[in-house]
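First comes the structure, then the notes that go with it.
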Amino acid sequence: MGILHEDVVMIRRSEKEGEPTEITINCPDKTGLGCDLCRIILFFGLSIVKGDVSTDGKWCYIVFWVIGDSETRWSLLKRRLVEACPSCSSASGISFYCSGLLPTKPPEVFLLTLCCHDRKGLLHDVTRVLSDLELTIEKVKVSTTPDGRVVDMFFITDTREHLQTSERKNETRKYLETVLGDAMIDCEIEKAGSEITASSQAPSFLPSEVTEDSFLLEMPTQLPSGSLMSNSVSIAFDNSLSPAHTLVQIICQYHKGLVYDIMRTLKDYNIQISYGRFTIKQKRHCEIDLFIVQADGKKIVDTSKQKSLTSRLELELRRPIKVAIVSRGPDSELLVTNPVELSGKGRPLVFFDITRALKMLNTGIFSVCPNLSHFL
């Protein structure tokens, strides 16, 4: 008997305020599934504070305990998680991740042009509306005129894939009008031309302040025990505890999206997690145990592969987002970058978090450089 569709994802809300909500996923397995699920959870503004992952090679059972916004749309979150799970008919074997097997057709890109009167926090308010509507910002260009008007150009894709309809466009305009009120002057949504789409997907040329100062990371010192440590990260490999799996033990400080960063790295390396446990102690101290195998189903015994994976994990855990502030005469330029998956998906809500932080600091944004927008 197959599992019922509504039982693929089960969400049990916490009874007390401040306690985590339990999310259970029970479905066929595939390499990268944990990354896809964590990305969705992060997109909804939730943080994973504890987790258990197990699989027999065909079917997986995952439990995440999450905390976050009290306004979380749990029914929509459940729907998105179910959509990310493989169908029950695919349980005959693991589908290993491969960039060559990804859909060749990219999502349709639309151009949202917004003209309005400027005010503090405007960009964040617009970004929040787009996030609530499940519209993903691929690129943005913001300019402010001397008379206090703002022209925002957002290149967006629609998670629901309905933005080509007049109903969906009207819904977006209505939400923006409600939030912006009299500040809004005009709003237009149209499908981006092929030349614009190609330009928006072209690689960015980052200034030296980011590439040289923020991207480089010194290799940590190798200890006699085989662990590679930095001031805040410890990563150790052990092939003696399991005849079929490599144990990776990670100790680090917690940050937003920590589990997603680990899952994304393992997905890019085409590594399957057979069993994993995540726990956070004393709010900031995180301990992670992962029993993993390579794409061929074997343990990772090659020390060069271990060092490569360790270096990448340490980089992601120590500096998941790179930030640089550059003085430009009377103004300051904030540069923020973060890695993307091999599939091309970036970290969710980066632009949202940046604009929220600047709004909280009462700091105005008068321009956004399009060449630095590929982290969105």
Side-chain angles (χ1 to χ4, degrees), residues 43 45 71 73 76 106-202 204 328 330-334 336 346 348-376:
F43 183 82
E71 299 179 357
R73 294 171 292 175
L76 181 59
E108 286 189 306
V109 179
F110 291 83
L111 173 60
L112 186 156
T113 304
L114 181 66
C115 182
C116 53
H117 298 289
D118 193 18
R119 61 172 171 79
K120 290 287 181 67
L122 173 68
L123 189 55
H124 175 66
D125 294 340
V126 174
T127 304
R128 186 179 185 90
V129 171
L130 299 181
S131 175
D132 290 343
L133 291 172
E134 296 186 277
L135 298 173
T136 302
I137 303 174
E138 303 291 341
K139 186 176 180 179
V140 61
K141 181 177 181 180
V142 174
S143 57
T144 305
T145 63
D147 62 353
R149 293 191 179 189
V150 174
V151 178
D152 295 345
M153 300 176 64
F154 295 92
F155 294 87
I156 58 179
T157 56
D158 187 6
T159 301
R160 305 178 195 174
E161 299 182 348
H162 291 156
L163 197 54
Q164 72 277 10
T165 65
S166 57
E167 181 180 359
R168 180 73 161 142
K169 292 178 181 178
N170 291 334
E171 178 190 26
T172 303
R173 293 190 190 97
K174 182 179 179 181
Y175 270 79
L176 288 170
E177 290 175 355
T178 301
V179 171
L180 300 180
D182 295 337
M184 181 168 162
I185 299 174
D186 189 28
C187 177
E188 295 292 337
I189 303 174
E190 59 183 346
K191 185 176 179 180
S194 57
E195 68 283 355
I196 298 178
T197 303
S199 175
S200 69
Q201 294 176 346
S204 298
R328 303 295 187 191
D331 305 314
S332 296
E333 188 171 82
L334 175 67
V336 183
L349 300 183
V350 173
F351 193 65
F352 176 87
D353 289 337
I354 294 170
T355 55
R356 177 175 60 178
L358 293 176
K359 181 178 180 179
M360 293 172 63
L361 293 171
N362 199 29
T363 301
I365 304 173
F366 65 88
S367 179
V368 175
C369 176
N371 286 334
L372 297 177
S373 301
H374 294 277
F375 61 82
L376 304 180

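Screening N170, T172, L111, L176 against I189 for a side-chain contact (heavy atoms from CB on, under 4.5 Å) leaves a single residue, T172.
With sequence neighbours excluded, the residues forming a side chain to side chain contact (heavy atoms under 4.5 Å, CB included) with D186 are C115, E188, listed by chain and number. Evaluation of the salt bridge (charged side-chain N to carboxylate O under 4.0 Å, His left out) rule for E161 yields no partner, not counting sequence neighbours. Shown here are the side chain to side chain contact (heavy atoms under 4.5 Å, CB included) partners of K191, two or more places apart in sequence or in another chain: E108, F110. Scored by the salt bridge (charged side-chain N to carboxylate O under 4.0 Å, His left out) test, R356 finds D353 as partners (sequence neighbours excluded). Applying the side chain to side chain donor-acceptor pair (under 3.5 Å) criterion to D158, with sequence neighbours excluded, gives R168. Every ring pair (Phe, Tyr, Trp, His ring centres under 6.0 Å) that F352 has, sequence neighbours left out, goes to H124. Scored by the side chain to side chain contact (heavy atoms under 4.5 Å, CB included) test, E71 finds D69, R128 as partners (sequence neighbours excluded). Residues satisfying the salt bridge (charged side-chain N to carboxylate O under 4.0 Å, His left out) test with K169, not counting sequence neighbours, are none. For E134, the salt bridge (charged side-chain N to carboxylate O under 4.0 Å, His left out) criterion is met by R80, R160, not counting sequence neighbours.
Residues L135 and T159 fail the side-chain proximity criterion, which asks for heavy atoms closer than 4.5 Å. Under the 4.5 Å side-chain criterion, counting only non-hydrogen atoms from C-beta, V142 is in contact with V140. Side-chain contact between L180 and L122 is present, with heavy atoms from C-beta onward closer than 4.5 Å.
Among residue pairs with one or both ends in residues 168-187, none qualify as ring pair (Phe, Tyr, Trp, His ring centres under 6.0 Å); sequence neighbours excluded. Counting only residues at least two apart or in different chains, salt bridge (Lys or Arg N to Asp or Glu O under 4.0 Å) contacts with residues 110-123 comprise R119-D125.
No donor-acceptor pair under 3.5 Å is formed between the side chain of S131 and the backbone N or O of T127.
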Pair up each side-chain donor or acceptor in residues 145-157 with any protein partner under 3.5 Å, not counting sequence neighbours, and list the distances.
residue, atom, partner, partner atom, Å
T145, OG1, D147, OD1, 2.2
T145, OG1, R149, N, 3.1
T145, OG1, R149, O, 3.1
D147, OD1, R149, N, 3.4
T157, OG1, E138, OE2, 3.0

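Going from atom NZ of K174 over to atom CG of L133 covers 11.5 Å, rounded to the nearest 0.5 Å. The CD atom of E171 sits 9.5 Å away from the CG atom of L163 when rounded to the nearest 0.5 Å.
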* Asked: C187 and T113: side chain to side chain contact (heavy atoms under 4.5 Å, CB included), yes or no, with the steps?
  -> CA-CA 6 Å; C187 177; T113 304; over 6 Å; no
* Step by step, work out the side chain to side chain contact (heavy atoms under 4.5 Å, CB included) result for L112 and L130. => CA-CA 10 Å; L112 186 156; L130 299 181; 4.0 Å; yes
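Across all their heavy atoms, T136 and F43 have their closest contact at OG1-CE1, 4.4 Å. Closest approach of A183 to C116, counting heavy atoms only: O-CB, 2.9 Å.
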